[in-house]
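Here the structure is laid out as structure tokens; the discussion comes afterwards.
Convention: sequence-line order gives letters A, B, ...; per-chain numbering from 1.
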Amino acid sequence: MPELPEVETVRRGLADLLPGREVQAAYQLESPKSFPNASADVEQFLLNSKVTAVRRRAKVLLIDLSSDYTLVIHLKMTGQLVFRGKTSFGAGHPNDSLIGELPDRSTRVVFEFADGSRLYFNDQRKFGWVKLMPTLEVPNIDFMKKVGPEPLEADFSLAQFRERFRRRANTNIKAALLDQTVVAGVGNIYADESLWGARIDPRRLVKSISDQEFDLLYNELRNVMNLAIEKGGSTDKNYVNAEGKRGSYMDFARVFRRENQACPRCGSKIIKIRHAGRGTHLCETCQE
DNA sequence: CACTTGACCTGTCCGC
DNA sequence: TGCGGACAGGTCAAGT
């Protein structure tokens with residue numbers, strides 16, 4: 001669920017909240033798997049270090065520390081990173097807060113800062129993870145070496161976009177969009193949304209897509225992701241930002257989770273099918 | 001090498 | 001009301 005716009009929203013929130021805070025304690029609740037290399041390194045390179053920056057690459061969050069180590073975090077499907085100030089517990093949450101008192105039963109890892117504030121890593125389905133590693137080694141992990149370019153970077157060109165898809169000529173366009181080695185950060189929501197915007201049927205083979213259609217898709221993907229960031233991401237079930245609040249992109253979605261509703265472009269009924277191993281939403285009338 | 005499928009988990013929903 | 005099964009979807013390993 002957290003895709004590029006959701007992870008970027010969390011990043012922006014944490015970038016406002018964390019830098020300068022000193023980690024005083026870090027511990028896991030119930031699930032050692034969420035923080036598998038929590039070991040001697042934690043004591044030496046995490047405790048008493050200050051957060052210096054919060055970065056993002058694809059769907060991965062990077063919290064840099066003054067020790068020259070980095071917390072590398074993947075939220076996968078149900079991960080949340082929620083910050084709570086020393087006194088912001090319990091009652092008084094804004095109406096759009098999705099979660100209440102923390103820790104809750106999905107809390108896996110807790111980071112405590114010297115000023116009494118805390119960062120909670122929650123993850124219902126336990127697919128997400130936190131790893132601590134030297135900052136200089138982050139670019140060397142397999143995922144970082146394979147992952148494609150950031151689609152919202154100013155220098156990401158249409159020519160580059162088309163070029164990246166050539167390696168997946170014989171698969172369908174939706175599977176290729178979801179492939180992180182082609183373009184970084186696209187998941188199920190924005191794949192369906194951008195294909196609708198470009199009027200492309202998700203089942204089409206990549207090699208059948210024309211230059212003009214790639215042009216449309218390139219623009220739609222960037223537009224839809226920029227809009228989603230502006231709306232604070234999509235909250236379908238679990239996703240919340242760094243303050244525990246929902247995102248509102250789902251109010252603007254054209255096809256995702258809108259099966260049986262009218263296509264906003266042609267009025268035909270939107271359908272949901274199983275494709276590329278995913279629930280896939282489309283309008284068969286205007287996506288060809 | 002290109003491509004597809006299943007596994008990893010838990011909570012929720014649907015049909016009987 | 002209880003219960004089994006399908007489903008949710010990011011990534012990687014294992015399969016064809």
Side-chain angles (χ1 to χ4, degrees), chain A residues 1-11 28-36 56-61 72-81 98-100 103-109 121-131 141-148 150-151 163-195 202-209 225 228 233-240 247 249-250 253 255-260 271-282:
Chain A
M1 256 174 258
E3 306 181 22
L4 187 155
E6 288 73 32
V7 179
E8 176 61 17
T9 301
V10 173
R11 187 201 69 76
Q28 300 198 66
L29 300 177
E30 182 245 321
S31 180
K33 183 182 162 184
S34 299
F35 197 176
R56 178 190 61 76
R57 177 74 170 99
K59 302 172 190 171
V60 178
L61 273 166
V72 183
I73 301 173
H74 203 305
L75 303 174
K76 290 290 180 86
M77 258 96 69
T78 56
Q80 305 171 326
L81 270 176
L98 192 57
I99 53 181
D104 64 24
R105 66 178 164 168
S106 74
T107 302
R108 309 294 172 206
V109 187
F121 177 69
N122 296 341
D123 186 18
Q124 181 182 97
R125 287 169 72 181
K126 302 183 185 175
F127 291 167
W129 43 259
V130 178
K131 286 171 188 160
I141 63 182
D142 285 347
F143 178 85
M144 293 298 177
K145 285 194 285 193
K146 292 188 309 190
V147 70
E150 290 289 327
E163 164 70 22
R164 301 292 304 179
F165 279 91
R166 272 188 208 144
R167 60 163 78 188
R168 304 299 307 271
N170 291 309
T171 193
N172 60 82
I173 185 66
K174 174 147 179 185
L177 265 175
L178 293 173
D179 183 343
Q180 299 299 295
T181 70
V182 175
V183 176
V186 186
N188 207 37
I189 299 172
Y190 304 108
D192 283 5
E193 289 288 289
S194 59
L195 286 166
R203 298 165 288 198
R204 294 258 306 277
L205 292 183
V206 170
K207 63 185 175 191
S208 81
I209 309 279
M225 284 192 160
S234 296
T235 298
D236 185 27
K237 289 198 173 71
N238 280 267
Y239 166 75
V240 292
Y249 178 82
M250 291 300 278
V255 285
F256 191 79
R257 287 290 145 76
R258 297 202 182 269
E259 59 268 30
N260 301 321
I271 62 167
K272 181 178 181 183
I273 60 174
R274 191 89 184 153
H275 178 245
R278 297 281 184 279
T280 297
H281 311 74
L282 72 150

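- Residue Lys76(A) places no side-chain N or O under 4.0 Å from the OP1 or OP2 atom of dC8(B).
- Looking at heavy-atom distances under 4.0 Å, Gly187(A) makes contact with sugar-phosphate atoms alone, never a base.
- Under 4.0 angstrom from either OP1 or OP2 of dC3(B) there lies at least one side-chain N or O belonging to Asn170(A).
- As rounded to whole Å, 22 Å separates atom P of dG11(B) from atom OH of Tyr239(A).
- Atom P of nucleotide dG9(C) and atom CD of Glu3(A) are separated by 9 Å, given to the nearest angstrom.
- Look at Arg274(A) and you'll find a side-chain N or O under 4.0 angstrom from OP1 or OP2 of dA8(C).
- At a threshold of 4.5 Å between non-hydrogen side-chain atoms, the residues His74(A) and Val7(A) do not count as touching.
- For Arg168(A), a side-chain nitrogen or oxygen approaches OP1 or OP2 of dC3(B) to under 4.0 Å.
- Between His275(A) atom NE2 and dT5(B) atom P there is a gap of 10 Å when expressed in whole angstrom units.
- In this structure, Glu6(A) contributes its side chain and Ser234(A) its backbone to a donor-acceptor pair below 3.5 Å.
- For the OP1/OP2 pair of dG10(C) and a distance below 4.0 Å, the side-chain nitrogens and oxygens of His74(A) include no atom meeting the criterion.
- Counting non-hydrogen atoms under 4.0 angstrom, Lys59(A) reaches the backbone sugars and phosphates but no base.
- Not one N or O on the side chain of Arg258(A) forms a donor-acceptor pair closer than 3.5 Å with the backbone of Leu282(A).
- Within the structure, a side-chain polar atom (N or O) of Gln180(A) is placed less than 4.0 Å from OP1 or OP2 of dT11(C).
- For Phe127(A) and dC8(B), the ring-to-base geometry satisfies the stacking test (centroid distance below 5.5 Å, interplanar angle below 30°).
- For the residue pair Glu3(A)/Tyr239(A), the side-chain donor-acceptor check at 3.5 Å is not satisfied.
- What separates CE of Met144(A) from P of dT11(C) is a distance of 10 Å, to the nearest Å.
- DNA chain C is contacted by both Arg278(A) and Lys272(A); Lys272(A) maps to the nucleotide lying nearer its 5′ end (nearest heavy atom per residue).
- Toward the 5′ end of DNA chain B lies the nearest nucleotide of Asn172(A), the other residue of the pair Lys237(A) and Asn172(A) mapping further downstream.
- For dT4(B), the OP1/OP2 oxygens have a side-chain nitrogen or oxygen of Thr171(A) closer than 4.0 Å.
- Put simply, CZ on Arg105(A) is 14 Å from C1' on dC9(B), counting in whole angstrom units.
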